[in-house]
Amino acid sequence: MKLKEVYRVAEGARVREEEFGLLLVSKTTPALALNDDMKAVWELIDGKNTCEQIVSAINAQYPGSDVESKIAEIFDILVKIGLIQLVKEV
């Protein structure tokens, strides 16, 4: 993940609100439960926000945490399993 990259949700990925957070399903992966931290990141992946904007927004919610490295890890996982795709680098 680079801070100037923009990602979008991959075609076919769907989410449903559950008691525990979000349930994410797609044609290419089994169901994945997203806790509140991952839910906050997921909701900002819209094809418009840069990774830097996402890091900034999450950092505002969880000040003092190592947000950037955690988000980079989340993005790496979501890219590897095909749930998000790179749109562009600005």
Side-chain angles (χ1 to χ4, degrees):
M1 176 193 89
K2 296 178 184 170
L3 291 177
K4 299 297 182 188
E5 291 176 331
V6 176
Y7 286 84
R8 70 171 180 84
V9 174
E11 190 85 24
R14 302 282 182 257
V15 294
R16 183 175 70 214
E17 189 78 35
E18 296 288 342
E19 288 180 23
F20 55 79
L22 289 180
L23 180 65
L24 185 123
V25 294
S26 78
K27 296 175 183 176
T28 60
T29 61
L32 179 65
L34 304 182
N35 63 20
D36 286 337
D37 297 342
M38 284 190 68
K39 176 184 173 185
V41 173
W42 180 263
E43 290 174 341
L44 293 169
I45 301 171
D46 62 359
K48 298 174 187 166
N49 289 319
T50 65
C51 292
E52 185 173 35
Q53 291 169 318
I54 293 171
V55 167
S56 179
I58 299 300
N59 195 43
Q61 289 181 320
Y62 303 98
S65 300
D66 184 16
V67 171
E68 188 173 338
S69 68
K70 290 177 183 175
I71 291 175
E73 188 176 322
I74 290 169
F75 271 70
D76 287 344
I77 291 167
L78 294 175
V79 168
K80 283 180 186 172
I81 60 176
L83 294 174
I84 62 172
Q85 299 171 330
L86 180 65
V87 175
K88 62 183 173 182
E89 188 169 345
V90 292

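Side-chain atoms are counted along with the backbone in the values below, which use heavy atoms only and exclude waters and symmetry mates.
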Task: Residue pair Ala10 / Gly82: nearest heavy atoms and the distance that separates them - done: CB-O, 3.2 Å
TODO: Could you tell me whether a side-chain N or O of Gln53 sits under 3.5 Å from a main-chain N or O of Thr50, the two making a donor and an acceptor?
DONE: yes
- [ ] Please name all residues satisfying side chain to side chain donor-acceptor pair (under 3.5 Å) with Lys4, sequence neighbours left out, ordered by chain then number.
- [x] Glu52
Open item on the list: Quick check: do Met38 and Ile77 have side-chain heavy atoms less than 4.5 Å from each other?
Closed with: no
Open item on the list: Would you compute the distance between atom CG of Asn59 and atom NZ of Lys70 and round it to the nearest 0.5 angstrom?
Closed with: 10.5 Å
Open item on the list: So, using side chain to side chain donor-acceptor pair (under 3.5 Å) as the criterion, who are the partners of Ser56 when residues are at least two apart?
Closed with: none
Task: Min side-chain heavy-atom separation Tyr7-Leu78 under 4.5 Å - done: no
TODO: Write down the atom of Ala13, the atom of Ser26, and the distance for their closest heavy-atom approach.
DONE: CA-CB, 3.9 Å
TODO: Determine, using the 4.5 Å side-chain heavy-atom cutoff (strictly less than), whether Val41 and Leu23 are members of one ILVMFWY cluster.
DONE: no
- [ ] Please round to the nearest 0.5 Å and tell me the distance separating atom CD1 of Ile81 and atom CG of Asp76.
- [x] 11.5 Å
Open item on the list: Can you confirm whether Glu73 is buried at CD, in the sense that more than 12 heavy atoms of other residues, nucleotides or ligands lie under 6.0 Å from that atom?
Closed with: no
Open item on the list: In the structure I gave you, are the side-chain heavy atoms of Ile58 and Leu44 within less than 4.5 Å of one another anywhere?
Closed with: yes
Task: Test item: Arg16 and Leu22 side chains (from C-beta on) under 4.5 Å apart, heavy atoms - done: no
Can you list, pair by pair, the side-chain donor-acceptor contacts under 3.5 Å of residues 83-90, counting residues two or more places apart and other chains?
from, atom 1, to, atom 2, distance (Å)
Gln85, OE1, Arg8, NH1, 3.4
Gln85, OE1, Arg8, NH2, 2.5

Task: Single-linkage hydrophobic cluster, 4.5 Å side-chain cutoff, Leu3 and Val6 together - done: no
- [ ] Establish whether Leu34 and Val25 are linked, either directly or via other cluster members, by ILVMFWY side-chain heavy-atom contacts under 4.5 Å.
- [x] no
- [ ] Check whether any side-chain heavy atom of Ile45 sits under 4.5 Å from a side-chain heavy atom of Ile54, and report yes or no.
- [x] yes
Task: Glu68 atom CD, over 12 foreign heavy atoms within 6.0 Å - done: no
Open item on the list: Within the 4.5 Å heavy-atom criterion, are Val15 and Lys39 side-chain neighbours or not?
Closed with: no
- [ ] Please indicate whether Glu18 has more than 12 foreign heavy atoms, meaning atoms of other residues, nucleotides or ligands, lying under 6.0 Å from its CD.
- [x] yes
Open item on the list: Please give me the minimum heavy-atom distance between Lys2 and Cys51, naming the atom from each residue.
Closed with: O-CB, 3.4 Å
- [ ] Under the side chain to side chain contact (heavy atoms under 4.5 Å, CB included) rule, what do Ile74 and Trp42 come out as? Steps first, then yes or no, please.
- [x] CA-CA 9 Å; Ile74 290 169; Trp42 180 263; over 6 Å; no
